[in-house]
Amino acid sequence: MKRTHYAGTLREEHIGQEVVLFGWVASRRDQGGCIFIDLRDREGIAQVMFDPTVDAAAFEAADRSRREWVLGIRGVVRDRGTMRNPRLPTGAIEIVAREAVVFNKSETPPFEILDDIDTNEDKRLEFRYLDLRRPKLQKALRARHLLSQATRNHMTDNGFLEVETPFLVKYTPGGARNFLVPARLHPGKFYALAESPQLFKQLLMVGGYDRYFQIVRCFRDEDLRIDRQPEFTQLDVEMSFVNQDDIFTIIEGLIFKVWKEIAGIDLLAKYPSGTFPRMKYDESMRRFGNDKPDVRFGLEHIDLTELTIEHGGGGVPMLTPLAEKYKSGEFRRDLPPEIVKALVVPASANFSRTEGDKLEAVVKGMGSKGLARAKVGPSGEWTQSPLAKNISNEFRDAVNAACGAKDGDLILLQFGTASQVHMVMANLRLHLGKKLGLIPESGAAGNWEFLWVVEPPLFEYDDEGKRWAAAHHPFTRPHDASLEFLESDPGRVLCYRYDIVLNGFEIGGGSIRLHDPDVQAKVFGVLGIRDEDARQKFGFLLDALRFGAPPHGGIALGWDRLSMLLTETEAIRDVIAFPKTQKASDAMTGAPDRVAPEQLAELKVKTLAE
RNA sequence: GGGGUGGUAGUUAAGUUGGUUAUAACGCCGGCCUGUCACGCCGGAGGCCGCGGGUUCGAGUCCCGUCCACCCCGCCA
């Protein structure tokens, strides 16, 4: 018996043909005199009819068969006439079985192999090979394959070479925590698993390869999220002799192409120029509180810091110290360390007091002390608010005006350190967006909002260490216009760093690299990295940059996230065949696990656990 | 490291103020049915109520601890 067709591909054009199908029993309906089996393979499902008067042995095999048994069927495709099933692509036809072979039986599976099952994910991960039989997962993994395939074509067509780089690399401090691998041939020493090919791709530019890409696994030993796995995949790209626009063009071309080829969506209808809009980091933080804004909906933040300063806190005890610190000059207005922000829930949302309390619980879960609220009355007065009794009428009216708040609106306030207020308000905005139905809980619902976020600061101040730290990595090129502040006022230095954002997910980021040794030395100076430290950590790269490094830059796209968004699935686990759980273990294989003492001895490694 | 939600039959869930034999649906097993396609009808089996301890005459239910899964913060591009 040799397969002639996939079950899911059969259509009316096959009527009259004899076909051979191999697949799994998706469902079996015993009518007594005849039996129907829905046979499933990777292309879909087709109904097979077993009639004892056509072939008694085939009928007997169907009689014995159960769900998930593996069958081979030889039969003739027949028109179902008036008995069609409009819900199946193959519903116009059925196969009348003339021969049936049972390749394998199956135990009763722990859950049904259906798209709409609501089995808990831990059970599905334990039996991942069964979960993978579900059409939904097969569709997602196929889309991911098409994405990678189209990408290889696009990159090749644009002159890129795919080059592999090592996974076993030298540990470099900073950035993500690395997985470590004991080096048997070097007792007491360790490799690190590469958290990205960052340094190697820059070396490929020095090596003259000009345009590099790789679809590559990366490893980071950090806590997991719905869009983070300990091993994940990037489309890694690096180019020589380019500026930011050149890199954007390559990525925009790629995205337009794959959205059309795989999702069937022509992004030119929304972005006729073939480019995505750009927003400065500063604007993104001000309006949305983070650097990956979901611009599918409004509910933008309203910055009340200036207003608060102007009114000296407006009589609100908790805001007075903040206003005074700005007035005394302790806080800089151009780089505000503490801020006041508001969000307005429109009256139309009809928010109850209890719902406001729930919101407060949400922000407290994010480390906020509380959520000041004020319900606006017909003439602008505030009710249901602890602020109402202290706030001056002038300040209250000014806040109402700044918020555009009308009768029935609910104003939500946060104040404190800029990073905390931004984080809380950004998450609160997303929470409200979903709660008010402005964005779907998951998926895009046909609304794809792409955005480049550009010109972030090069440094950020580390309050605990009381020093400047690299906001991304120390090889990012500062903006030419910012160079003068490099040593005098590092907080004002912007850089050629960019993120591409889709519907509130950061799907990629990159930078133009710093290839000027003089500027590099100044950057290290600001970071407090001494020459010998730099040599110790990045010696090979610094050496390479002195041997005729071309100007270069690149980007990396999160392949799992992009696949998740493209397929409108809910987590990157849905586009990874064998993902890890939230605790980074494998529910199916039991990894990680203990190893035999002899194995550790061979590696000269001793464990302190237990 | 912190916060939250959940864990009851193979699966998904209900389980009241602590009180008799722990329910339902789907699945599974047996029987019947030649046009079903979420087939239908009749019958049946199936439980360490995550685990450990405590309170109580009595715990699925209350308390303490612990494990696992998921979501968020910290962390991480």
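Residue numbers start from 1 in every chain, and the chains themselves are labelled A, B, ... in the order their sequence lines are given, proteins ahead of strands. Atom set for the values below is all heavy atoms of this structure, side chains included, hydrogens, waters and symmetry mates excluded.
- When both distances must be under 3.5 Å, the Watson-Crick or G-U wobble mate of B:rC70 is B:rG4.
- Using a 4.0 Å heavy-atom criterion, one finds that A:Asn427 contacts the sugar-phosphate atoms exclusively.
- Residue A:Arg220 places no side-chain atom within donor-acceptor reach of the base of B:rC76, judged by atom type and a 3.5 Å distance cut-off alone.
- Distance A:Ile113 CD1 to B:rU12 P: 13 Å, rounded to the nearest Å.
- Side-chain contact check for A:Arg29 and A:Gln47: at least one donor-acceptor pair (N or O, by modelled atom type) lies under 3.5 Å.
- Residue-to-nucleotide contacts include a donor-acceptor pair under 3.5 Å from the side chain of A:Asp223 to the base of B:rG74.
- Atom CD of A:Gln582 is separated from atom C1' of B:rG6 by 13 Å (rounded to the nearest Å).
- With P as the reference atom, B:rG6 and B:rU12 are 16 Å apart, rounded to whole Å.
- Distance check on atom C1': B:rC39 versus B:rC33 gives 11 Å, rounded to whole Å.
- When the side-chain nitrogen and oxygen atoms of A:Lys583 are compared with OP1 and OP2 of B:rC68, one or more of them lie within a distance under 4.0 Å.
- Atom-to-atom, CZ of A:Phe219 to C1' of B:rC75 comes out at 20 Å; the value is rounded to the nearest Å.
- In this model, the phosphate group of B:rC39 is approached by a side-chain N or O of A:Ser27 to a distance below 4.0 Å at OP1 or OP2.
- Side-chain rings of A:Phe288 and A:His301 stay apart, their centers remaining 6.0 Å or farther from each other.
- Taking only side-chain atoms of A:Gln47, from C-beta outward, the nucleotide of B:rC76, B:rG74, B:rG35 with the closest atom is B:rG35.
- For B:rC26, its base never sits under 3.5 Å from the side chain of A:Glu112 at any donor and acceptor pair.
- Within the 4.0 Å cut-off from OP1 or OP2 of B:rC29, at least one side-chain nitrogen or oxygen of A:Arg66 is found.
- Residue side chain A:Phe111 fails the stacking definition with respect to B:rU11, as its ring centre and the base's six-membered ring centre are not both under 5.5 angstrom apart and under 30 degrees in plane angle.
- Computed from coordinates, the A:Glu126 CD to B:rG50 P distance equals 17 Å when rounded to whole Å.
- Here the nucleotide nearest the side chain of A:Glu94, chosen from B:rG74, B:rC73, B:rU36, is B:rU36.
- Remark: C1' of B:rA25 and CG of A:Asp118 are 11 Å apart, rounded to the nearest angstrom.
- Checked by distance alone, A:Arg67 brings no side-chain donor or acceptor within 3.5 Å of a matching partner on the base of B:rG10.
- Below 30°, between 30° and 60°, or above 60°: for A:Phe248 and A:Tyr498 the angle between ring planes is above 60°, a perpendicular geometry.
- At the phosphate of B:rG27, neither OP1 nor OP2 sits under 4.0 Å from any side-chain N or O atom of A:Arg28.
- Rounded to the nearest Å, the gap between the P atom of B:rU8 and that of B:rG50 is 6 Å.
- For A:Glu107 and B:rG10, a side-chain-to-base donor-acceptor distance below 3.5 Å is absent, hydrogens and geometry of angles not being considered.
- The side chain of A:Met49 approaches B:rG35 more closely than any other nucleotide in the set B:rG35, B:rC71, B:rA69.
- Distance noted for atom C1' between B:rA59 and B:rU16: 15 Å (whole Å).
- At a threshold of 4.0 angstrom between heavy atoms, the contacts of A:Leu114 with the nucleic acid are absent.
- Residue A:Arg177 has no polar side-chain atom (N or O) positioned under 4.0 Å from OP1 or OP2 of B:rC76.
- The side chain of A:Gln31 places no N or O atom within less than 4.0 Å of a non-bridging phosphate oxygen (OP1 or OP2) of B:rC39.
- A:Asp294 has a carboxylate O that lies under 4.0 Å from a charged side-chain N of A:Arg296, or vice versa, which qualifies the two as a salt bridge.
- Closest to the side chain of A:Pro52, out of B:rA69, B:rU34, B:rC72, is B:rU34.
- Applying the 3.5 Å distance criterion, the base of B:rG74 shares a donor-acceptor pair with the side chain of A:Arg225.
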Check your understanding: Where do A:Ser196 and A:Gln234 land on the side-chain hydrogen bond (donor to acceptor under 3.5 Å, both in side chains) test, with the steps shown first?
Key -> CA-CA 8 Å; A:Ser196 79; A:Gln234 285 186 342; 5.0 Å; no
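- Electrostatic pairing of A:Arg124 and A:Asp118 does not count as a salt bridge here, judged by no charged N lying under 4.0 Å from a carboxylate O.
- Separating the C1' atom of B:rG10 from that of B:rC71 is a span of 27 Å, rounded to the nearest Å.
- Residue A:Thr108 places none of its side-chain N or O atoms closer than 4.0 Å to OP1 or OP2 of B:rG10.
- Nearest-nucleotide positions on RNA chain B for A:Asp227 and A:Ala176 put A:Asp227 closer to the 5' end.
- Put simply, A:Ser585 has a side-chain N or O that comes within less than 4.0 Å of OP1 or OP2 on B:rA69.
- Taking atom C1' on both B:rC68 and B:rG52, the two are 15 Å apart, rounded to the nearest angstrom.
- Taking only side-chain atoms of A:Asp122, from C-beta outward, the nucleotide of B:rA69, B:rC76, B:rU12 with the closest atom is B:rA69.
- Taking atom P on both nucleotides, B:rG44 is separated from B:rC37 by 25 Å, rounded to a whole Å.
- The distance from atom CG of A:Leu371 to atom P of B:rC73 is 17 Å, rounded to the nearest whole Å.
- Of the side-chain N and O atoms in A:Arg29, none sit less than 4.0 angstrom from OP1 or OP2 of B:rU36.
- Distance from the side chain of A:Ile226 is smallest to B:rC71 among B:rC70, B:rC71, B:rC76.
- Looking at A:Gln414 and A:Ser368, their side chains do bring a donor and an acceptor atom within 3.5 Å of each other.
- Outside the 6.0 Å centre-distance limit, the rings of A:Tyr171 and A:Phe190 are not counted as a close aromatic pair.
- Among the protein residues, A:Asp221 comes within range of no part of the nucleic acid, since none of its heavy atoms lies under 4.0 Å from any strand.
- Separation of atoms CG (A:Asp131) and CD1 (A:Ile113) is listed at 7.5 Å; rounding is to 0.5 Å.
- On the C1' atoms, B:rU20 is 30 Å away from B:rC42, given to the nearest whole Å.
- Between A:Arg573 and A:Glu195, the residue anchored nearer the 5' end of RNA chain B, judged by the nucleotide with its closest heavy atom, is A:Arg573.
- Contact check, A:Arg561 against B:rC76: no side-chain N or O comes under 4.0 Å of OP1 or OP2.
- At a threshold of 4.0 angstrom between heavy atoms, the contacts of A:Arg40 with the nucleic acid are absent.
- A donor and an acceptor atom never sit less than 3.5 Å apart when one is taken from the side chain of A:Asn120 and the other from the base of B:rC70.
- The shortest distance between the side-chain N/O atoms of A:Lys123 and the OP1/OP2 oxygens of B:rA69 is not below 4.0 Å.
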